[in-house]
K.L.:
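Please find one structure pasted underneath; my questions will follow.
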Amino acid sequence: MPNDSLTVTDNRTGKQYEVPISDGTVRAIDFRQIRVDDDDFGLMTYDPAFTNTASCRSAITFIDGDKGILEYRGYPIEQVAEHSTYLETAYLLLFGELPTATQLSEWVHNITYHTMVHENTKKFVDGFNYDSHPMGMLVGTVAALSTYYKDGKDVDDPASRELQTWRLIAKMPTIAAYAYRRTRGLPIIYPDNDLSFPANFCSMLWRQVAEKDYKPDPVLERAIDVLFILHADHEQNCSTNAMRAVGSSRPDPFSATAAACAALYGPLHGGANEEVLRMLDHIGDIKNIPDFIKRVKAGEGRLMGFGHRVYKNYDPRAKIIKRTAYEVFDLVGRNPMLDIALELEKIALEDEYFISRKLYPNVDFYSGIIYQALGFPVEMFPVLFAIPRTAGWVAQWREMITDSEQKIARPRQIYSGNRGREYVPVSER
Ligand code: SDX
């Protein structure tokens, strides 16, 4: 077996260099030694959008994009989605092991009793216009949590990290529900600690003000829990990268989570589920699909919910969500958008344009159809992504904070601007 290294010849100087290989990577800093003379800064690596750059070591989520494999702490997503709950999955992502019955009971208690938010949060949410996008409300309100929990700054204190972990996971659905009720002109519903995590979320969304004993249909409660499990983490995606990068300068985790929410908001990331429904609504009828596909292939827009930076095969989450959709539709009635989505998927998967680019349905392609059938407006879809992804963001943040190899994230650049210019007074420009 050849030794784990590259031998690099710099053809500018004829010099050779040995660059060690470890974990399937070479360290970018090992290329700095390659220079043409003493004034030369040395070679850097250039990787816009980090298409081939590992930014960290992580033991949380494993993805094999070619095989369509996703594992949380080594457990296949199919098994976790079938047997676990979102809170148990959050525990697994955060602590690396499935909890014992006692650990799970304590964990659920700690989350349940941190679902309330400061009473001032109502005034904060009321300050948004009624037609504000709930994701914009979420970003702002999550950031505001840092002003209530000043102990969040103690990022090096394990006890503080634990308390902020409970607060973030527990309060995201509360803030999301407050935002939803604000857009509907409805009074907020406080958390009900007698309900499960998903059931409490449904209660804060849909409970009538005077309704005493609220219980969602068990099928809906389980569907929401499964969707939360599937969205809980996904290794170094855009919003997790934001959580780690912002977290690396060591602000409180509420500020870092607000940054992660902002990254998720984008239509190429967590905002895609909202765009999928707008796309299906725009297509309107199966007969319009061929013309739509033709326009996508002509570069006039994207097939939203298709494609993935890592998956070059079917996103395993999409398969599970598709199956869950049928269970929800059996209860609430079939969403007509499903027929368009199914035909769109069928045509796209037979078309060379998508096959050659290895574009398959991702997690966002079917999730929006379920959310719409559950009664959510499209603007809420990214918020429904952010709630469970908080467990992944916080798990990744904790891993980064305690990783001795990590420090403040500060990439380099290739400078392409002017140099050494003389200032010109405005009268002479
Ligand atoms: C999520 O990273 C994660 O893990 C994210 C996520 C998570 O759980 O955190 O999985 C969640 O964000 C899922 C992705 C949701 N986004 C969408 O569905 C939006 C539509 N998809 C794309 O915009 C795109 O596929 C991305 C953003 C998901 C990935 O983009 P890449 O890896 O940067 O790929 P690219 O833009 O360089 O595209 C490669 C080629 C291009 O064609 P050419 O220039 O080579 O001719 O594929 C084409 C693109 O035009 N392409 C698409 C397409 N996606 C890529 N063409 C049509 N429709 C699409 N959806």
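Numbers here simply count residues along the sequence, with the first being 1. Counting starts at 1 for both ligands and their atoms, following the listed order. These numbers come from the heavy atoms of this one structure, side chains and all, not from hydrogens, waters or symmetry mates.
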K.L.:
Could you tell me whether the side chain of S255 and the main chain of A143 form a donor-acceptor pair under 3.5 Å?
P.N.:
no
K.L.:
Any idea which protein heavy atom is nearest atom 21 (N) of ligand 1, and the distance to it?
P.N.:
F306 O, 2.9 Å
K.L.:
Hey, what's the ring geometry for F306 with F365, parallel, tilted or perpendicular (30° and 60° as the breaks)?
P.N.:
perpendicular
K.L.:
Side chain of T174, backbone of M116: donor and acceptor closer than 3.5 Å?
P.N.:
no
K.L.:
For ligand 1, which part of N362 has a heavy atom less than 4.0 Å away: the side chain, the backbone, both, or neither?
P.N.:
side chain
K.L.:
So for Y311, does at least one of its heavy atoms come nearer than 4.0 angstrom to any atom of ligand 1?
P.N.:
no
K.L.:
Please check this pair: side chain of H231 against backbone of L384, looking for a donor-acceptor N/O pair closer than 3.5 Å.
P.N.:
no
K.L.:
Which of the atoms in ligand 1, numbered in the order shown and given with their element, are less than 4.0 Å from a heavy-atom of L303?
P.N.:
57 (C), 58 (N), 59 (C), 60 (N)
K.L.:
Compare H234, M279, R302 and give the one whose heavy atom is closest to atom 49 (C) of ligand 1.
P.N.:
R302
K.L.:
Could you list which atoms of ligand 1 come closer than 4.0 Å to a heavy atom of Y353?
P.N.:
50 (O), 56 (N)
K.L.:
Are there protein heavy-atom neighbours of atom 39 (C) of ligand 1 below 4.0 Å?
P.N.:
no
K.L.:
Indicate whether the side chain of D4 and that of S22 have a donor and an acceptor atom separated by less than 3.5 Å.
P.N.:
no
K.L.:
Taking the six-membered ring for Trp and the single ring otherwise, decide whether the centroids of Y149 and H118 are under 6.0 Å apart.
P.N.:
no
K.L.:
Check whether any protein heavy atom sits under 4.0 Å from atom 56 (N) of ligand 1.
P.N.:
yes
K.L.:
Taking CZ in F41 as the centre, count heavy atoms belonging to other residues, nucleotides or ligands within less than 6.0 Å. Is the count above 12?
P.N.:
yes
K.L.:
Looking only at atom types and distance, does a side-chain atom of R161 sit under 3.5 Å from a main-chain N or O of V155, one as donor and one as acceptor?
P.N.:
yes
K.L.:
Return yes or no for this condition: an N or O of A272 is under 3.5 Å from an N or O of ligand 1.
P.N.:
no
K.L.:
For atom 53 (C) of ligand 1, find the nearest protein heavy atom and state the residue, atom name and distance (0.1 Å precision).
P.N.:
L359 CD1, 3.8 Å
K.L.:
Which of the atoms of ligand 1 are close to G305, meaning less than 4.0 Å from one of its heavy atoms?
P.N.:
17 (C), 18 (O)
K.L.:
Any idea which part of N237 is under 4.0 Å from ligand 1, heavy-atom wise: side chain, backbone, both or neither?
P.N.:
both
K.L.:
Atom 44 (O) of ligand 1: protein heavy atom closer than 4.0 Å?
P.N.:
no
K.L.:
Start with the C-alpha distance between K122 and D126, add both sets of side-chain angles, then the distance that settles salt bridge (Lys or Arg N to Asp or Glu O under 4.0 Å), and finish with yes or no.
P.N.:
CA-CA 6 Å; K122 285 197 308 188; D126 283 348; over 6 Å; no
K.L.:
Relative to ligand 1, is R309 under 4.0 angstrom through side chain, backbone, both or neither, heavy atoms considered?
P.N.:
both
K.L.:
Do ligand 1 and G270 have nitrogen or oxygen atoms that lie under 3.5 Å from each other?
P.N.:
no
K.L.:
Among R357, H231, Q236, M304, whose heavy atom sits nearest atom 42 (O) of ligand 1?
P.N.:
R357
K.L.:
Closer than 4.0 Å to some heavy atom of G307 - which atoms of ligand 1 meet that?
P.N.:
25 (O), 28 (C)
K.L.:
Is there a donor-acceptor contact under 3.5 Å from the side chain of T53 to the main chain of F50?
P.N.:
no
K.L.:
Students should be able to answer this: which protein heavy-atom is nearest to atom 6 (C) of ligand 1, and at what distance?
P.N.:
H308 NE2, 3.7 Å
K.L.:
Heavy-atom distances under 4.0 Å are what count here, so tell me which part of E235 touches ligand 1: side chain, backbone, both or neither.
P.N.:
neither
K.L.:
If we set the cut-off at 4.0 Å for heavy atoms, which region of D315 has an atom near ligand 1: side chain, backbone, both, or neither?
P.N.:
neither
K.L.:
Under the 4.0 Å line, does any protein heavy atom show up next to atom 16 (N) of ligand 1?
P.N.:
yes
K.L.:
Is the shortest heavy-atom distance from the side chain of I340 to the side chain of I289 under 4.5 Å?
P.N.:
yes
K.L.:
Would you say the side-chain atoms of D47 and T51 include a donor-acceptor pair closer than 3.5 Å?
P.N.:
yes
K.L.:
Return a yes/no value for L268: is any of its N or O atoms, backbone included, closer than 3.5 angstrom to an N or O of ligand 1?
P.N.:
yes
K.L.:
For V296, which part has a heavy atom under 4.0 Å from ligand 1: side chain, backbone, both, or neither?
P.N.:
side chain
K.L.:
Between N129 and D131 (side chain of the first, backbone of the second, donor and acceptor by atom type, cut-off under 3.5 Å), is there such a pair?
P.N.:
no
K.L.:
When you look for heavy atoms under 4.0 Å from ligand 1, do you find them on the side chain of R317, its backbone, both, or neither?
P.N.:
side chain
K.L.:
Any chance the side chains of T165 and R398 put a donor and an acceptor closer than 3.5 Å?
P.N.:
yes
K.L.:
Does R389 have a non-hydrogen atom less than 4.0 Å from ligand 1?
P.N.:
yes
K.L.:
For D364, take its heavy atoms, then give the atoms of ligand 1 lying under 4.0 Å from any of them.
P.N.:
1 (C), 13 (C), 14 (C), 15 (C)
K.L.:
Does any non-hydrogen side-chain atom of R73 lie less than 4.5 Å from one of V80?
P.N.:
no
K.L.:
So which bit of Y360 gets within less than 4.0 Å of ligand 1, heavy atoms only: side chain, backbone, both or neither?
P.N.:
neither
K.L.:
Step through it carefully: locate the ring centre of W206, locate the ring centre of F201, and say whether they are under 6.0 Å apart.
P.N.:
no
K.L.:
Give the residue and atom name of whichever protein heavy atom lies nearest to atom 12 (O) of ligand 1, and the separation in Å to one decimal.
P.N.:
H269 ND1, 2.9 Å
